[in-house]
Amino acid sequence: MPELPEVETVRCGIEPHLVGHYVRTVIIREPRLRWPVPLSLSQKLTGQSFLTVQRRGKYLLLNCPQGTVLLHLGMSGSLRLVPDNVPPGKHDHLDIVLSNDCCLRFNDPRRFGSVLWIQENPLSHPLLKPLGPEPLDPLFDGSYLFKRSRHRRAPIKVFIMNHRVVVGIGNIYASEALFQAGIHPRRAAGRISLGRYQRLVEAIKTVLYQAIQAGGTTLRDFVTSDGKPGYFSHQLQIYGRTAHPCPTCGNPIRVDRIGQRTSYYCAQCQH
DNA sequence: AATCGCGCCTGACGGC
DNA sequence: TGCCGTCAGGCGCGAT
């Protein structure tokens, strides 16, 4: 599923094909996404040109002079650029056809994604306003997390997956970062020292950077007309590796359910 | 204020 | 083979 690194890779991939081009047509085949795709999207977006393509957490912002397409890939969403004569396939819910004969195609089997049109300042939109800092921003550091976590009894894994605390850390990278930092996913957030938070933040930045770099190389051929856009295969040390030996100590990796999410950890290495 | 649990949805998978 | 139940998961929302 798209995590922050995938969304950033998508952003980089589509940006050069959108910026400076205008929208010829919008085709909505299935408006029933997480929120209904507004019927007015077609009319509002047609004729607009793209100024910039930004990312905020896992949201993509396609900025136009008169508004912004606010897009989320949810669990199973993907964006591809295809020549505009390629017939749509299953779950191709929406096309933004561009002046350069290219078509930005949104596919989402589970329809947890969303495509909205907003006219106010995007950052004051109700979906974006409450979001915490970007994990790769320098102001996201150990002392920030330490301060935010005081008196919090929630497990650290739940805490760092809370998008009001910090955005873009999904289930996979939460497990990976906690493993790398040697912190047990169930430990209460309020009972972790500043030093350990500094190590955790370092781990979060490292796993995200590595994944973004991996994505940049794997998804070099972003413009495709066939096949699925491969989310890059993660180099995961712990996620999904139940009963495999821990790469550090060799003890079997454990799986557990924390905050309604599957969590992987090494009971020996993480405290 | 913080935390919990629900619901949205399809595809993959296991059991019978 | 086919049918059915279960699970996976991002994330906003309403309840506690």
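Numbered from 1 within each chain, the chains take letters A, B, ... in sequence-line order.
Ion pairing between a basic and an acidic side chain is recognised when a charged N comes within 4.0 Å of a carboxylate O; A:R199 and A:E202 show no such pairing.
The only option from A:I183, A:I160, A:I192 that meets the side chain to side chain contact (heavy atoms under 4.5 Å, CB included) definition with A:Y197 turns out to be A:I192. For the side chain to side chain contact (heavy atoms under 4.5 Å, CB included) test with A:V115, the passing option among A:L62, A:L60, A:V26, A:L33 is A:L33; the others fail. Residue A:H125 is tested with A:L61, A:I118, A:T68 for a side chain to side chain contact (heavy atoms under 4.5 Å, CB included); the sole match is A:I118.
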Contact string for nucleotides 3-16 of chain C, one letter per nucleotide 5' to 3', B = base within protein heavy-atom range under 4.0 Å, S = sugar-phosphate only, - = neither, reads -----BBBBS----
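Applying the ring pair (Phe, Tyr, Trp, His ring centres under 6.0 Å) test to pairs two or more places apart or on separate chains, those with a residue in residues 23-70 of chain A are A:Y59-A:H72.
For the pair A:I258 CD1 and B:dT3 P, the interatomic distance rounds to 15 Å; values are reported in whole Å.
Shown here for A:R111 and A:R32, the closest heavy-atom pair between the two residues is NH1-O, 2.8 Å.
DNA chain C lies under 4.0 Å from no heavy atom of any residue of residues 113-121 of chain A.
Residues passing the ring pair (Phe, Tyr, Trp, His ring centres under 6.0 Å) test with A:Y239, sequence neighbours excluded: A:Y264. Not counting sequence neighbours, the partners of A:Y265 by the ring pair (Phe, Tyr, Trp, His ring centres under 6.0 Å) test are A:H184.
Rounding to the nearest 0.5 Å gives a distance of 10.5 Å between CG of A:L73 and CG of A:N107.
In this structure, A:H91 and A:R152 both approach DNA chain B, and ranking their closest nucleotides by distance from the 5' end singles out A:R152.
Using a 3.5 Å distance cut-off with no hydrogens or angles, the side chains of A:R257 and A:T262 do pair a donor with an acceptor.
For the helix from B:dA2-C:dT16 to B:dC16-C:dG2, the axis fitted to the five pairs at one end and the axis fitted to the five pairs at the other end meet at an angle of 40° (nearest 10 degrees).
Side-chain nitrogen and oxygen atoms of A:K90 include at least one within less than 4.0 Å of the OP1 or OP2 phosphate oxygen of B:dG11.
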